[in-house]
Amino acid sequence: MVVTDLDGTLLDHYSYDFKPAMSVVGALKRLGIPLVFNSSKTYAEMRYLQDQMGLLDPMICENGSAIYLPKERFHVAQAAWENHGDFWRISLAKPREHWLSILSEYPDQASILSFSYMGVQGVMNATGLDWTESERASQREYTEPLMPPTNDNIKQDLIAYLGGRGAMVQQGGRFMTVGDSVDKGRAMETLICLWNQKYGGEVRTLALGDGLNDLAMLEKANRSVWIRSPANPTPDFVVQKNWQITQACGPAAWAEATQMWLEQHAHRASSNKVKEPYG
Ligand SMILES: [Mg+2]
């Protein structure tokens, strides 16, 4: 199983291009090796990307908030799985509405510029995404991004308020994201358990990422690859690990590292090939 971050990893940091990775994505498909997206993106954003790449694999959305399993592979749902189109949804976090209601009780409402407050047009203005991209990014189920208040005292007060009500606040490049206490690594562990239950044995995992929120995921994999970022230096923590650090950046580096892993594991993969319809 390949578990991957998207922005800056499978997608180019600047252009979001993934073409340099497509031949290796095709090789994974032919071998029946699932390619699991694990990022802060929403279900709508990930489904759109899967469609473009011709994939129908499990996904982990909104920073480990939920796992989505394709019904094509998982025919029978377990008790807590919810119906979600072609997928079963397994929630690992409280819903977005919970955090919206906590945000709505914050005394200084003028300082809260959230996605739900901004609307699609506001998200367009704040992100530079086009209308349909902003719409997909706005279809959040578990987390709420906010523009950080420009006044640092107000910002610290808001973070303390949210922390006191059980929220985890993640600081991103542009937004701070409010949600439950989850991470990409714990969600990946849960997915691996479900996968092993269904297919037997222990699935071997390759994980690839380029950001601090990928560390928990990289810790849980059999093989971990740090994709060098054109924007940020590689953290010392990563350098000290026995992980592969790529020379190139983005999808080209992703393809090279995944191809190398495939060559080392292809014999095992082809003998485990899943005999099920594959999208
Ligand atoms: Mg990234």
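The basis for the numbers below is simple: all heavy atoms, side chains too, and nothing from hydrogens, waters or symmetry mates. Each ligand, and each atom within it, is numbered from 1 in the order the structure gives.
- Side-chain contact of Q139 with R136: a donor-acceptor pair under 3.5 Å is absent, judged by distance alone.
- Listed for the K198 side chain is a donor-acceptor partner under 3.5 Å among the backbone atoms of R73.
- Side-chain atoms of S111 come within 3.5 Å of backbone N or O of D108 as a donor-acceptor pair.
- Counting heavy atoms from C-beta outward, H98 and L103 have side chains that stay 4.5 Å or more apart.
- With 2.8 Å as the limit, D214 does not count as an N, O or S neighbour of the Mg ion (ligand 1).
- Sorting the N, O or S atoms of D210 by how far they are from the Mg ion (ligand 1) puts OD1 first.
- Nearest to the Mg ion (ligand 1), among the N, O or S atoms that D7 has, is O.
- Within D5, the N/O/S atom positioned nearest the Mg ion (ligand 1) carries the name OD2.
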